[in-house]
Amino acid sequence: MMNDVRNNVVGGLLLFFALACAPALVGERYLLNEMIVFLIWASVAVQWNVLTGHAGVFSLGQMLLFAIGAYTVAMTNTYLGISPWFAMPIGATVAALAAVLIGLACLRLAAAYVALLTFAISYMVYVLIITETECFTTVGGGCQRFFGGTSGFSRIDDLGFRKLLRGDWIVGNYYMILGIFALSFLASIIVIHGRLGLAFRALADSPVYAAARGLDRTKFRIVAFVFSAFFTGLTGAAYAAHFRTAGPSLFDFSTLLFILAMVIVGGLRSTWGPVVGAALMMGMVEIAKDMGEIRNTMIGLVIVLFVVLMPDGIAGLSRRVVSRFRKTNDAKEAS
Amino acid sequence: MTDTNKTTTMPTRRNFLRTAALGGAGSAAMLASLNSAARAQSSEPIVIGAPLPITGAVAADGIEFQRGLEMATAEINELGGILGRPLELVVEDTASGGDDLISSAGQRLVDRSNASVLISGYNLGSNTALPEIAADASLIYMHADTVVRHNELIREDPARYWGSFQYDPAEIYYGIGYLDYIKNLVESGQFTPSNNKIAVITGPIAYSINIANAIRENAAEYGFEVSLYESVQAPISEWGPTLAKLREDPPGFIAVTHFFPQDQAQFMLQFMNNPTPSLIYMQYGASLAAFRDIAGDASEGVLYATVIGALQDEIGLGFSEKYLAAFGDNASVNSGGQTYSALHAYAIAAALAGGAGAAYEEEQNRLIADRLRTLIFRSPMGTMRMDPETQSAFCYPSQTNDPSLGMPHIFSQIQNKNENGYIIAPTPYDVAAFKTPSWMG
Amino acid sequence: MEAIFQIIVSGLTLGAMYALGSVGLALTYGTMRMFNMAHGVFMAIGAYGAFFAADVLGLPILLALLGGIVLGGVVGALLHLLVVRFMLDTKDFEINILVATAGVGILLQDLLLKLFGAYPFRQPVQIEGTVELGGVVIPVQSLAILFVGFTLISAIAWGLTRTSFGLSIRATAMNRDAARLMGVNATATYLQVLIIAGMLAGAAGVMISSISTLSPDMGTNPAIRAFVICVVAGLGSVGGAGITALALGLIEAAVQYYIGARFGLPLMLALVVIVLVRRPAGLFGREEVVRS
Amino acid sequence: MADLLSVRNLCSGYGHIPVLHDVSFSLPREGVSAIIGPNGHGKTTLLRTLSGLNRSWSGQIEFDGAPIPQSVEARARAGLVHVPQGDQLFMDMTVMENLAMGAYARPKGYDLQTGFAEVFDLFPRLAERRQQRVSSLSGGERRMVGIGRGMMAGGKLLMIDEPSLGLAPIVIEQVYDALRKLASTGAAILVVEENPSRIETVAERFFLMDGGKFEWTGDTEALRNSSDIVATYLGG
C-alpha cells in the first residue's frame, strides 16, 4: 500500500515538473490559458473521481461546490475588498461547510437519488441566482445584485502578477493554478491509496462485512464528500481569481457533463484516469475548434464512441493492455 | 421592404458597387479614395477576429453577426481592403457561454489567428472578458453589448481600456428614452392613455433589469406611476398569472423589458385574448421577424425601440435590401447591421490611421483608436460617434439634440404583421405616424 | 374568482406540458435505470419534425403532429440500436449512459442547428382561436395540449397496467433476470421503451414549441424540469410523474400570481428538496433506497 | 423417445473462476430428479447455466431433442422453466400479475384462468391473496408465488432452486406437499436441495454435486443404501 502511494506520488511529481517547465516552452498566451483551464477541470475531475469512483457517491452537485468557491472569492472581493489570495482558502472552507449540510441531507440515500438531489439543490441555487432582480448596490447606473444575478461578478482584483510580471502575468497565474492542481491531485492519491481508500473499497465490496467491522457507510461518504468539496471549492476559487469573474454560467449543465465526460473517458475508479481524460477532452476540443463548422458534431461523436467502446475509460484500457502484455511475456519466459 | 426585394436579382458588379456605396454610405467612397491613394503596404490579409455566440441560447443573433461581418468583409475587399490589404474574417464560437468560453475564444483569435481587431455584436457573460483580452494584447475591440458596465469600465481605467469601444449607447438610455417618448406622445395629443400607470415586466438578464429599473426610478419625474413591477423567469410561455394581475388593475402602459422574441410573442397572443386598454412597449425582441411570425395578428400595434437598428431611409433601406437578398427574408437586418457597421467604421479608421495594427502593436492601434474616438460615421443604423469619456456611441436624442451626432434611439410600431415596424420617432428618421393600437380603439 | 380560474387554466397547461416531458423520462429510468440526457433534444427533434411536415411538406397538422411523434420514436430506436444496446451490461451503466446520451444530445443538437439554423420558427402545428369559459378566455391550443397530454399519458398508464406488453415492461423494470426467465426478450423491451419514450418526447416537443418557438436548444429547460419532476414523483413512477407534473404546474401558476413570477421555479425546487429529504423515494416511489 | 435434457461436459463459472467442471447428465421426460450436495459447490450455478443466466464456457446442452437455444428468453420459450433461488419475484406486482407473467411465453390464445385455477388449487392461500402486492406477502407465500409462476409457464421441464431455503419447517412441509402433488401429475421436475432427507420421498433420481462435479448418481433405493457416501459429502 505504501508502495502504491510512493509510485503515484513519484509519478505525480514527474508530471508536476513537466507542467512546471511548460511556460518556458509555450510562449503563447492562448495555449497557457488553455493549459490553465485544463488544470482547473483536471482538478475538479480528480476530486469527482475520488467521490464517485472510489467513495461511490454519485454527485451531480460538483459545479455548485465549485461555484461556491468562486462566488466566495468574487463576493468577498467586491463587497469587502478582501484579496483573492486570502479568499481562496475561505472559498474552499465555505464549499466544505456546504458539503457537510448537503451531505447530511442526502448521503443516506442510494446512488441515483444522491445524483438527483445534489442536482436539484444546485439547480435551485442557480435559478435563485439568475432570477434575482433587486439591486444590492448601483454602480454607475448599472445594477449590482447581491449574488450578481445573470451577469455575476467581474473585475475581481488581480492576483498581483500583472504588476510583477507585466506581459507575462499569465505565467504567474499558471503557477498558482498548477500549485492548486498539484495539491488536489496529491491529496487524491493519498486518499485513494491510504486508509480512507481502503475503507471505501471495503464498503463497496461488502457493505455488510464493512458494517460488521464498524465502518459507518454514511459517515465515510460524508467525509469523502466534504474532502472533495474542499478541493473542488478551492479550484473554483482559483478559477475566479484567474478569470477575475464568477457568474451563473459556472452552473451550465454542459460544463458539468463535459467534466463528467473527462472522468468517464479517463476511467472511473482509477487514480490517473481523470487527468488523462481531462487532457484528452481538452485536446479534442482544441482539434475540433480548427474544424470550425463540425466542432460540436465531432465532440458529441467522440464522447459517444469513447463511452461505448471503452466503458472503463482509458485507464481500464491501459490496464487490459498491460495485463495482456505481461501475460504474453510470462508465457514467453515460461516456454 | 417586400417590394424592394423583388427588384434585386443577381447583382451585376456595377450594381453591387452601387449598392455597396449605398450600404456603406459615404464611407465607401472615402475608403475607396484612401485606398487608391495608397500604395499597397503588403498583400498579407488583415484578420478580423469575431468572438460570436454561434451556438447556444442566442445563436440566432450570433449567426446574424457573422453574416453582417461577411457582407462587410466582401464589400471592403471589393473596394481594395484597407490600404490594399485584403480582410479575412475568422469567427470563434463563444457558445452563448460565460467568461471562460468568451475569453478563450478571444485569446485564440489573438494568438492563433493573429487577429488585428476583435469585433462582435454582443456576448453574454460579464462583458469584461474581451476588454481584458484586448487590453492585454493592445488591440481594438468593438462590441454592441449595450451595457452601462462598459462605460464604468472605461471611466475607471481609461489608460488600460483605450482600445475597447461600444458602438451603440448603453441600455440605460432605453428607460429614460421610453418615458420621454410616451410623455411626448401624450402631450402632443397623439395618444390619450386610460390612466398614467405603467406596468413594468422584466426578465432576469441584467440588460432587462437595468432598463426596467430606469423606468421605475424615473417614472414619477415624467408624471407616471409604476403600478406593477414584475420579474419573470426566462424562458416563459405561460403568461396567465401575470396577465391576471394586469387585468385586475389595467394600466395605461405596459413595458415588457424581458427581451426574448418568442416569450414576447406569447405575451401578445395571450394578452389579445382579453386585452386591457394599455399601450404595449416591448424591448428588442419585437424588432425581430420571429416575433411577428409567432404572434401574427397579435403583433400589430406593438411598440419597440432599439438604440442600434436599421433606419428606413435611403442608406438603411439600401442596406436592408442587400442584406435580405443575400441571406433570405428571415434574416434579421437589425442584428446583422450592427457588426456590418462596426467593421466599416473600423476599416475607415484604420485606413485613416495608416493601416491596421497587429496584436501588441500598441502604437499603431492607438492611432486607430484615436481615429475611432473622433470619427463621425454614418452607418445604416445611424450616426456612430463615440463619447470620448466612455468610448460608447452617443445617443440621440437622449445625449445630443443633433441627429447627425448620435446613434438614434428609434421607436417603431408594428403596423403590418408582414413587415418590420415603421419608425415613428425620433425625427428626422420617422417614416410613419403613431397609430392607436386596434385593441384600444 | 376570475383570477383563480385563470391560474387553474395556466397551471393545467403548464402541468400537461411538464407531464408529457417527464413521463418518457420516468419510463426509461424505471425500466432500464437510464437517464436519457438527450431527452430534451428528442423533444426538439419531434418539434422540428412536425414543423417540417407541416411547413415544408404541407401536410395537415394532425398528420404533422403524428410525424413529429413518429420521428421521436425513430430517434429513440436509433439511440437503442446504435448506443444503448452495447452498454447495457457494463459496470457503471447508470453513470456511463448519462455521459453517452449527453454526447448524443450534443451531436443531435448540432445537426439540428446545421439543418434548420437558429431562427426561431413558429410551430405551425397548433390550433388558433379561443373559447370563453366562466369569464376566462382560453386559447384552444391550451386545451389541445391538455387533451394530447391527457390522452397519451392515460394510454401509457393503461398500456402498462392492462396489457401483456405493459406487464413485460414492468416486469423487466422490476427484475430483469426474472423477466427473461419468463421468456421476455429484455433487449427488445428496452428498444420498445426507448421508442415509446422517444414518441412521448416528440409529442412534448410539438406541444412545447406550439406555445413558445422552435430552436435547437428548446428542449433544455423542459428536460431539466422533467428530470426534477421524475425525482419528486419517485424515480421510474410513470403515473406519479404525470400527477406530480400537473400538481407542480398548478403550484407554479399559483406562486406566480400570489408571490411573484420569479419564485415559481425556485419554490418548486425547494419543495423538491424537502420532499426528497423527508421521503427519499419520492412521493410515489416505493422504498428501494439503501439506508445504512 | 430421446431424453428431455442431455448435458455433456458442461463447464461454467463466474468471472475467471471456474465452478462447474465437465458436468454430464441427462433427464427423462417424466418424474422428479434432485441435485443434492453441500452449499457453494455449483448446484445453483448449474441451474443458472442451464437456463442461460450464466454463460456456459464449454460443453453441449440438448433440450427436447435439439441443441438448446442461446438466450435466456429463448430457452424459456422452448419450455425450460427456471424457478430461481430467492424467488426473484416482481415485487411491485400483485400475485395475479406475477402469475400472469409466468404464462408470458405461452401462445396468444392461452386462457390464464385455467392456469390460475391450477395454481390456486395447489396453493389455496394464494387465492385469498390474489390482489395483494407480492412485497406484502410472507416468505412462504412468496415461495408459493415463485413455484406457481413457474407452473404457469406450462413448460416441459420445471427447475426449482432450493424450494425450502429460509422457510420455517411447517412451511417447508406445505411446499413439499405441493411439490409431491405436482409430481403426481407426471411433470418433469428438477429440484436443487441441500438436504437429501427432505427430497428423498419426492424425487426418484438423485445427483450428488460436490466441487462442481457429480460425485454420485442413483435412484431412491441407491440413495438409501449409500447413506455413508451422502454423509461424507454433506457432513451428516
Side-chain angles (χ1 to χ4, degrees), chain A residues 52-53 58 60 105-113 115-117 119-121 123-128 130-133 203 207 211 216-219 221 253-254 256-258 260-261 263-265 268-269 293-309 311-313 316, chain C residues 29 33 35 37-38 82-87 90-111 113-114 220 223-225 227-228 230-232 235-236 260-270 272-273 276-277 280-282 285 288-292:
Chain A
T52 303
F58 186 19
L60 288 180
C106 56
L107 288 190
R108 294 164 295 139
L109 314 179
Y113 290 92
L116 293 167
L117 199 52
F119 175 75
I121 292 172
Y123 194 60
M124 181 176 68
V125 173
Y126 166 73
V127 173
L128 280 173
I130 62 157
T131 55
E132 188 188 10
T133 49
L203 282 162
D216 178 348
R217 185 162 163 275
T218 304
K219 199 185 91 190
R221 285 161 68 111
F253 203 53
S254 52
L256 183 84
L257 288 170
F258 188 58
L260 183 58
V263 182
I264 302 297
V265 165
L268 205 60
R269 291 199 190 84
E293 294 271 295
I294 59 159
R295 170 186 161 169
N296 280 350
T297 314
M298 205 197 95
I299 293 175
L301 201 64
V302 170
I303 292 179
V304 177
L305 285 178
F306 258 105
V307 181
V308 172
L309 300 178
D312 356 311
Chain C
Y29 186 83
R33 310 212 120 228
F35 259 118
M37 287 292 146
L82 298 178
V83 178
V84 179
R85 192 157 61 102
F86 303 105
M87 301 179 59
T90 53
K91 205 169 53 176
D92 303 319
F93 172 74
E94 264 184 78
I95 300 175
N96 283 355
I97 197 71
L98 214 68
V99 176
T101 49
V104 171
I106 295 172
L107 182 82
L108 290 178
Q109 190 171 323
D110 205 48
L111 289 180
L113 188 67
K114 297 274 177 321
T220 313
I224 289 178
R225 263 172 217 238
F227 201 73
V228 169
C230 288
V231 186
V232 184
L235 287 172
R262 66 166 282 224
F263 293 106
L265 188 60
L267 274 180
M268 172 177 135
L269 287 163
V272 169
V273 173
L276 279 179
V277 171
E288 52 150 330
V289 179
V290 186
R291 279 168 177 272
S292 59

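All values below were derived from every heavy atom in this structure, side-chain atoms included, with hydrogens, water molecules and symmetry-related copies excluded. Predicted model only: the values in this text are computed from it and were never measured.
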Please list, chain by chain and in numerical order, all residues satisfying salt bridge (Lys or Arg N to Asp or Glu O under 4.0 Å) with K219(A), sequence neighbours excluded. none
Under 4.5 Å to a heavy atom of chain C? For R221(A) that would be neither
Which answer fits D92(C), side chain, backbone, both or neither, if we ask what part of it has an atom under 4.5 Å from a heavy atom of chain A? side chain
Which one, L111(C), V104(C), V228(C), I224(C), leads in non-hydrogen pairs under 4.5 Å with chain A? I224(C)
Under 4.5 Å from any heavy atom of chain C - which part of L268(A): side chain
Atom group of Y126(A) that falls short of 4.5 Å from chain C, counting heavy atoms: neither
Out of curiosity, T52(A) OG1 to R269(A) CZ, how far, rounded to the nearest 0.5 Å? 10.0 Å
I need the M87(C) CE to T101(C) OG1 distance, nearest 0.5 Å. 8.0 Å
Short side-chain to backbone donor-acceptor contact, N96(C) and P311(A), under 3.5 Å: yes
Given heavy-atom pairs under 4.5 angstrom as the criterion, report whether the side chain, backbone, both or neither of L301(A) touches chain C. both
Would you mind checking which part of L256(A) comes under 4.5 Å of any heavy atom in chain C, side chain (CB onward), backbone (N, CA, C, O), both or neither? neither
Run the numbers on I95(C) and F58(A) for side-chain contact (heavy atoms from CB on, under 4.5 Å), then give the verdict. CA-CA 8 Å; I95(C) 300 175; F58(A) 186 19; 3.6 Å; yes
Please work out whether the ring planes of F227(C) and F35(C) are parallel, tilted or perpendicular, with thresholds of 30° and 60°. tilted
